[in-house]
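These numbers were taken from a predicted model, which means no experiment stands behind them.
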Amino acid sequence: MLKKGSKLYSILTGSCPRCQHESMYVDSNPLHMKNVLKMKDHCGHCGLKYMIEPSFFYGAMYVSYAVNVAIGIGVFLIAFFLGLPPLSSFLAIVIVLTLLFPFVLRLSRNIYINFFVSYDKEADE
C-alpha cells in the first residue's frame, strides 16, 4: 500500500511527487515551526520545480480546509460517542486541530502538488 511509486507514498513522506527520491522540505521535522513551510526550490534528483507558478500553494488552503473539517468531524464523533458535553467536545476539537496544525499544513501541500504532478519511473532512475 505504501510503496514507492504511489501518490500515497509521496503524500505521507513529503517526497518529490515526480521521482519520490528526496524530501521537498528544507527541514524534515514539521514541529520546527520556523521552518514548517520552507521548501526547496527544486528536486535535487529530477529537477522538478516545486513552485510550479507564483503563489502555487495558495490552492493548498482549500485542501487544508477539507482536511481540518474531516479531522474536526472525526473528533466530534469520538466525543459524541464518549458522551462528552458540547463544550468539552468543542474544546477537544480546538485542541486536536491546534496540535495537528503543522502536520495539516504540510499534508495539504503534499496533497495539492500531487494533484498536478505524477510519479515518473524514468525520473527515479
Does Val117 form a side chain to side chain contact (heavy atoms under 4.5 Å, CB included) with Ile52? I'd like the steps, not just the answer. CA-CA 10 Å; Val117 181; Ile52 296 171; 3.9 Å; yes

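- Counting heavy atoms of neighbouring residues, nucleotides and ligands inside a 6.0 Å radius, atom CZ of Phe80 does not exceed 12 of them.
- Hydrophobic cluster membership differs between Val94 and Val104, with clusters built from Ile, Leu, Val, Met, Phe, Trp and Tyr side chains linked at under 4.5 angstrom.
- Both Tyr65 and Phe76 are assigned to one and the same hydrophobic cluster, defined by single-linkage of ILVMFWY side chains at heavy-atom distances under 4.5 Å.
- Between the side chain of Gln20 and the main chain of Lys3, no donor-acceptor pair closer than 3.5 Å is present.
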Report the C-alpha distance between Tyr50 and Cys43 in whole Å, list the side-chain angles of each, state the deciding distance to 0.1 Å, and finish with yes or no for side chain to side chain contact (heavy atoms under 4.5 Å, CB included). CA-CA 8 Å; Tyr50 296 129; Cys43 177; 3.3 Å; yes

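- Side-chain contact between Pro17 and Leu48: present, with at least one pair of heavy atoms (C-beta onward) separated by less than 4.5 Å.
- Atom CG of Asp41 has 12 or fewer heavy atoms from other residues, nucleotides or ligands within 6.0 Å.
- Atom CZ of residue Arg18 and atom CD1 of residue Ile113 lie 9.5 Å apart, to the nearest 0.5 angstrom.
- Counting heavy atoms of neighbouring residues, nucleotides and ligands inside a 6.0 Å radius, atom CZ of Phe103 exceeds 12 of them.
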Step by step, work out the side chain to side chain contact (heavy atoms under 4.5 Å, CB included) result for Val26 and Asn35. CA-CA 7 Å; Val26 173; Asn35 298 324; 5.7 Å; no

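- Scored by the salt bridge (Lys or Arg N to Asp or Glu O under 4.0 Å) test, Lys40 finds Glu22 as partners (sequence neighbours excluded).
- For Ser15, the side-chain hydrogen bond (donor to acceptor under 3.5 Å, both in side chains) partners at least two apart in sequence or on another chain are Thr13.
- Under a 4.5 Å side-chain heavy-atom criterion applied to ILVMFWY residues, the cluster that includes Ile78 comprises Leu82, Leu84 as well.
- Pairs of residues two or more places apart, or lying in two chains, that qualify as side-chain hydrogen bond (donor to acceptor under 3.5 Å, both in side chains) and include a residue from residues 104-118 are Ser10-Asn114, Tyr25-Asn110.
- Members clustered with Leu105: Met33, Val36, Leu37, Phe101, by chain and number, using a 4.5 Å side-chain heavy-atom cutoff among hydrophobic residues.
- Separating the NZ atom in Lys7 from the CZ atom in Phe115 is a distance of 9.0 Å, to the nearest 0.5 Å.
- Both Phe116 and Ile111 are assigned to one and the same hydrophobic cluster, defined by single-linkage of ILVMFWY side chains at heavy-atom distances under 4.5 Å.
- Here the OG1 atom belonging to Thr98 is positioned 11.5 Å from the CD1 atom belonging to Ile93, to the nearest 0.5 angstrom.
- Under the rule for a side-chain contact (heavy atoms from CB on, under 4.5 Å), the partners of Met51 that lie at least two apart in sequence or sit in another chain are Phe56, Phe57.
- Side-chain heavy atoms closer than 4.5 Å link hydrophobic residues (I, L, V, M, F, W, Y) into clusters, and following such links, possibly through other members, connects Leu100 to Val63.
- From Leu107, atom CG reaches atom CG of Asn68 across 10.0 Å, with rounding to the nearest 0.5 Å.
- Both Val96 and Leu31 belong to a single network of hydrophobic side chains, linked directly or stepwise wherever heavy atoms of I, L, V, M, F, W or Y lie under 4.5 Å apart.
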